[in-house]
Amino acid sequence: MLMPKKVKHRKWHKGRKRNQGVSTTRTELNFGSYGLKALTHAWITARQIEATRRALTHYLKRGGKIWIRVFPDKPVTKKGAEVPMGGGKGAPDHFVAVIKPGTILFEMEGVPLDKAREAMRLASFKLPVKTKFLSK
């Protein structure tokens with residue numbers, strides 16, 4: 001699973017303005033001919049990214065080339081079950097990637113258009129965002 005080797009701060013703020021604005025970076029296809037673009041805001045966990053990657057490679061039977069354009073670098077904390085109120089913030093539990101509309105999530109190269117479209121459709125079911133298929 002994807003996770004940073006090291007983070008500057010172990011616990012981050014959630015960020016109050018996460019549901020505002022559109023992406024200004026990662027908005028164009030840079031590596032492959034086909035891409036999967038996010039249309040809504042979300043936090044995508046490292047597990048969801050891995051499940052999507054596995055769905056893509058399974059459908060393509062390890063053919064073609066896939067680029068993952070997002071990386072989960074934001075730590076999310078969670079307190080244990082049945083822990084009383086107070087006692088501070090919980091321990092880091094997992095990592096997420098903050099996604100804004102317009103972000104390219106995955107790119108693909110070396111497969112026919114129909115196979116790429118179907119692979120991206122199957123992969124999009126693993127993600128918590130509405131997506132759109134792109135081609136050059």
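Numbering of residues begins at 1 and proceeds along the displayed sequence.
Within 6.0 Å of the NZ atom in Lys126, the count of heavy atoms belonging to other residues, nucleotides or ligands does not exceed 12. In this structure, Lys136 places its NZ atom where more than 12 heavy-atom neighbours from other residues, nucleotides or ligands lie under 6.0 Å away. The local environment of CZ in Arg54 is sparse, with at most 12 non-hydrogen atoms from other residues, nucleotides or ligands closer than 6.0 Å.
Between Glu118 and Lys115 there is no salt bridge, since no side-chain nitrogen of the basic residue lies less than 4.0 Å from a carboxylate oxygen of the acidic one.
Hydrophobic clustering, with ILVMFWY side chains joined whenever heavy atoms are under 4.5 angstrom apart, groups Ile68 together with Val111. Taken together through direct or relayed side-chain contacts under 4.5 Å among Ile, Leu, Val, Met, Phe, Trp and Tyr, Met108 and Leu29 form parts of separate hydrophobic clusters. Hydrophobic clustering of Ile, Leu, Val, Met, Phe, Trp and Tyr side chains at less than 4.5 Å, counting indirect connections, unites Leu122 with Leu56. Side-chain heavy atoms closer than 4.5 Å link hydrophobic residues (I, L, V, M, F, W, Y) into clusters, and following such links, possibly through other members, connects Val129 to Phe71. By the rule that hydrophobic residues join a cluster once side-chain heavy atoms approach within less than 4.5 Å of another member, Tyr59 and Leu113 end up as members of one cluster.
Glu109 places a side-chain N or O within 3.5 Å of a backbone atom of Ser33 that can act as its donor or acceptor partner. Lys100 contributes no side-chain N or O that, together with a main-chain N or O of Thr24, makes up a donor-acceptor pair within less than 3.5 Å. Put simply, the side chain of Lys79 gets close to the backbone of Gly88: a donor and an acceptor are under 3.5 Å apart. Between the Glu107 side chain and the Arg69 main chain, no donor and acceptor come within less than 3.5 Å of each other. Using modelled atom types, no side-chain atom of Lys89 and backbone atom of Thr77 make a donor-acceptor pair closer than 3.5 Å.
Taking all atoms of both residues into account, the shortest heavy-atom contact from Met120 to Leu36 is SD-CB, 3.7 Å. Of all heavy-atom pairs between Val83 and Gly80, the closest is CG2-O, 3.1 Å. Taking all atoms of both residues into account, the shortest heavy-atom contact from Lys11 to Gly90 is CE-O, 3.2 Å. Between Ala55 and Ala123, the shortest heavy-atom distance links the atoms CB-CA, 4.3 Å. Residues Pro72 and Pro4 approach most closely at O-CD, 3.4 Å, considering heavy atoms.
Taking CZ from Arg26 and CD1 from Ile99, the interatomic distance works out to 6.0 Å, rounded to the nearest 0.5 Å. With rounding to the nearest 0.5 Å, the separation of NE2 in His41 from CD in Gln20 is 8.0 Å. Here Leu127 contributes atom CG and Phe106 contributes atom CZ; the two are 6.0 Å apart, rounded to the nearest 0.5 Å. Atom CG of Asp73 is separated from atom NZ of Lys5 by 14.0 Å, given to the nearest 0.5 angstrom. Between the CG atom in Leu105 and the OG1 atom in Thr131 there is a gap of 7.5 Å [rounded to 0.5 Å]. Once rounded to the nearest 0.5 Å, the distance linking CE of Met1 with CD of Gln48 reads 11.5 Å.
Every residue meeting the ring pair (Phe, Tyr, Trp, His ring centres under 6.0 Å) condition with Trp67, not counting sequence neighbours, appears here in chain and number order: Phe31. Scanning for side chain to side chain donor-acceptor pair (under 3.5 Å) contacts around Ser23 gives Thr103, with sequence neighbours left out.
For the pair Lys14 and Trp43, the minimum side-chain heavy-atom distance is below 4.5 Å.
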(request) Kindly indicate, with the supporting measurements, whether the criterion salt bridge (charged side-chain N to carboxylate O under 4.0 Å, His left out) is fulfilled by Arg47 and Glu50. (result) CA-CA 5 Å; Arg47 285 173 178 249; Glu50 177 63 13; over 6 Å; no
(request) Please assess Ile44 against Val70 for the test side-chain contact (heavy atoms from CB on, under 4.5 Å), listing each intermediate value before the final yes or no. (result) CA-CA 9 Å; Ile44 297 182; Val70 292; 5.5 Å; no
